[in-house]
Each structure stands twice: as C-alpha cells, then as structure tokens.
Peer 1: 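I am attaching a structure below and will ask some questions about it afterwards.
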Amino acid sequence: MRKKHTPDVPAQAEPADGLRLVNEQSVRDAILAAVVAVILFAVLWAMMSTLLGRIFPWMTLLLGVVVGLVIRRAGRGLDWRFPVIAIAITLAGSLLANVIVAAAFTAEALGTSTIAVLRAVTTMTWPVFFEEALSPVDIIYALFGAGIAAFFSQRRLNRTEFLAVRKWEDAQQKPLPSSDRHQ
C-alpha cells in the first residue's frame, strides 16, 4: 500500500549537515533576544497590573515560556549552554519584572512616573523591596519559570537533523589511525 505521508526519497544525514546545524548556534543572539523579550515583558506586565490594579505573580511562568521560545528561535541552540542561559535570564528577568511592577504601583500611589521611582532607588530601598514586595511565592514562581524556560530553550530537531548532528559528533571523536599518530 502506498504511503502518502512519507517522502519518496528518504533524506540522508551527513556529518556536514550536522556541522551546519552546530554552526547556526548563536549564544550572542540568544542572550540579546532574551534580554529584549524580558524588558518588553516586564513593561507589559507592569502596564497590565496597574491597569487592572492587581499583581499577577504567575506571570513569571509565562515569562519562562517567552524567554525559552525566544532563545530557541534566536539562538538555535543544541547544547547545554542555551538552557543555562534561559535559566539565568529568566531568574534575572523575574527579579527585574517584580521591581518594575512594584515601582509602577509605588508611582501610582505617589502620583509620579515609574521612571521617577526607579531613578530614586538607592541602596537603602532594596532591603525594603525584598522585605515587602518580594515574597516566597515570587521565588517559587521564578524557579518554576526558569525550569520552563530551560525546557523550551533548546532547538527541536527532526530525525534527519538529529542523526546528522550525531554523525558529526562521532566524526569529531574518532581517534586517529595508529600510523597517523606518530607523524
């Protein structure tokens, strides 16, 4: 019986294709895109929270999804560096977003702008923030968000791409023949 859902010619995986996939990785692009996503997300979160008059700590989980997908798309990562970047940026982004949301609510109460409140932050302000605005729930959500970001951060490969990367890795680890070692 004819299979309509499979290609007629199976794709062949070559080590050169694996090398191409490895060379497409970009730590710089992943970090840059994730930082931009965190800043935009924090601003949107603060706007939504002040508009509705509520703080949504679960938004950190959504931040993890956004950071993970942005790192996957921009970084095109295959190795351990990309989940680590996703974890670090999500944890830092969660703290940044909570600071911006707290500043937005403080600005609304004081009748000033969020930027003015953020400019007025001093070393004496941080202990008050960590005591009053940041709760253990925020930390738990940040940790779970970081795990979600790590899950979504790595590039998804189809079977042919995965096999090409494995063949390239195997070609890199092959020992030299005994006659070539002494030259």
Peer 1: Walk me through whether Phe162 and Leu21 qualify under side chain to side chain contact (heavy atoms under 4.5 Å, CB included).
Peer 2: CA-CA 9 Å; Phe162 181 79; Leu21 291 169; over 6 Å; no

Peer 1: Quick one: CE on Met47 to OG1 on Thr50, what's the gap to the nearest 0.5 Å?
Peer 2: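 Nearest 0.5 Å value for the CE-OG1 distance: 7.5 Å.
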
Peer 1: When rounded to the nearest 0.5 angstrom, what is the spacing between CG in Leu61 and CZ in Phe144?
Peer 2: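 Spacing of CG (Leu61) from CZ (Phe144) equals 8.5 Å.
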
Peer 1: Look at the side-chain heavy atoms of Ile, Leu, Val, Met, Phe, Trp and Tyr, link any pair under 4.5 Å apart, and say whether Val84 and Ile71 land in one connected group.
Peer 2: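 No; tracing contacts between hydrophobic side chains, which count when under 4.5 Å, never links both residues.
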
Peer 1: Quick one: do Leu62 and Phe41 satisfy side chain to side chain contact (heavy atoms under 4.5 Å, CB included)? Show the steps, please.
Peer 2: CA-CA 9 Å; Leu62 188 57; Phe41 189 87; 4.0 Å; yes

Peer 1: Is Arg156 positioned over the aromatic face of Phe151, cation under 6.0 angstrom from the ring centre and no more than 45 degrees off axis?
Peer 2: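 Yes, Arg156 and Phe151 form such a contact.
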
Peer 1: Within the distance-only criterion (no hydrogens, no angle test), does the side chain of Ser94 pair as donor or acceptor with the backbone N or O of Thr90 below 3.5 angstrom?
Peer 2: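 No, Ser94 side chain to Thr90 backbone: no donor-acceptor pair under 3.5 Å.
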
Peer 1: Do side-chain atoms of Gln25 reach the backbone of Leu78 as a donor and acceptor pair under 3.5 angstrom?
Peer 2: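 Here the side-chain-to-backbone pair exists.
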
Peer 1: May I have the step-by-step check of side chain to side chain contact (heavy atoms under 4.5 Å, CB included) for Trp126 and Thr122, ending in yes or no?
Peer 2: CA-CA 7 Å; Trp126 290 114; Thr122 64; over 6 Å; no

Peer 1: Say whether, by atom type as modelled, one donor and one acceptor occur between the side chain of Ser49 and the main chain of Arg54 under 3.5 angstrom.
Peer 2: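 Side chain of Ser49 to backbone of Arg54, a donor-acceptor pair under 3.5 Å: yes, one is there.
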
Peer 1: Do you know which two heavy atoms are closest between Val66 and Ala37, and how far apart they sit?
Peer 2: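 Of all heavy-atom pairs spanning Val66 and Ala37, the closest is CG1-CB, 4.2 Å.
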
Peer 1: Surrounding CZ of Arg155 (heavy atoms of other residues, nucleotides or ligands, distance under 6.0 Å), is the total greater than 12?
Peer 2: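 Yes, the 6.0 Å shell around CZ holds more than 12 heavy atoms from other groups.
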
Peer 1: Do you know the tightest heavy-atom contact between Leu118 and Ala103?
Peer 2: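 In this case the closest contact between Leu118 and Ala103 is CD2-CB, 3.6 Å.
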
Peer 1: I'd like to know if the side chain of Glu24 reaches the main chain of Arg76, judged simply by a donor and an acceptor atom lying under 3.5 Å from each other, with no hydrogens or angles considered.
Peer 2: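 It does not hold such a pair.
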
Peer 1: Answer yes if Ile87 and Met59 sit in the same cluster of Ile, Leu, Val, Met, Phe, Trp and Tyr residues linked by side chain heavy atoms under 4.5 Å apart, and no otherwise.
Peer 2: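 Looking at the clustering, Met59 is in a separate group from Ile87.
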
Peer 1: Answer with yes or no whether the hydrophobic clustering places Leu157 together with Leu19; edges join I, L, V, M, F, W, Y residues whose side-chain heavy atoms lie under 4.5 Å apart.
Peer 2: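 In one cluster: yes.
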
Peer 1: Count I, L, V, M, F, W, Y as connected when their side-chain heavy atoms are under 4.5 Å apart, and connections chain through other members. Are Leu69 and Trp45 then in the same cluster?
Peer 2: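 Looking at the clustering, Trp45 is in the same group as Leu69.
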
Peer 1: Check whether Glu132 reaches the backbone of Phe129 with its side chain - one donor and one acceptor, N or O, closer than 3.5 Å.
Peer 2: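 Such a contact is absent between Glu132 side chain and Phe129 backbone.
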
Peer 1: Is it true that Leu91 and Val27 fall in one hydrophobic cluster, defined by side-chain heavy atoms closer than 4.5 Å?
Peer 2: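 No, Leu91 does not connect to Val27 through the hydrophobic network.
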
Peer 1: How many angstroms lie between atom CG of Asp17 and atom CZ of Arg20, to the nearest 0.5 angstrom?
Peer 2: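 Result: 5.5 Å between the selected atoms.
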
Peer 1: Hey, is the main chain of Phe152 close enough, under 3.5 Å, to the side chain of Arg72 for a donor-acceptor pair?
Peer 2: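 Yes; judged by distance alone, with no hydrogens or angles, the pair exists.
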
Peer 1: Would Val121 and Val99 count as a side chain to side chain contact (heavy atoms under 4.5 Å, CB included) here? Give the steps.
Peer 2: CA-CA 10 Å; Val121 171; Val99 166; 5.8 Å; no

Peer 1: Counting only N and O atoms by type, is there a donor-acceptor contact under 3.5 Å from the side chain of Asp29 to the main-chain atoms of Ser26?
Peer 2: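 Absent.
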
Peer 1: For the residue pair Ala30 and Gly75, what are the closest heavy atoms and their distance?
Peer 2: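 Residues Ala30 and Gly75, closest heavy atoms: CB-CA, 3.7 Å.
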
Peer 1: Could you tell me the separation between the CZ atom of Phe105 and the CG atom of Leu110, rounded to the nearest 0.5 Å?
Peer 2: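 CG of Leu110 is found 13.5 Å from CZ of Phe105.
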
Peer 1: How long is the straight-line distance from CD1 of Ile39 back to CD1 of Ile100, given to the nearest 0.5 Å?
Peer 2: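 Going from the CD1 atom of Ile100 to the CD1 atom of Ile39 covers 7.5 Å.
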
Peer 1: Got a second to check how far Ile148's CD1 is from Ser153's OG, nearest 0.5 Å?
Peer 2: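 Interatomic distance, Ile148 CD1 to Ser153 OG, rounded to 0.5 Å: 12.0 Å.
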
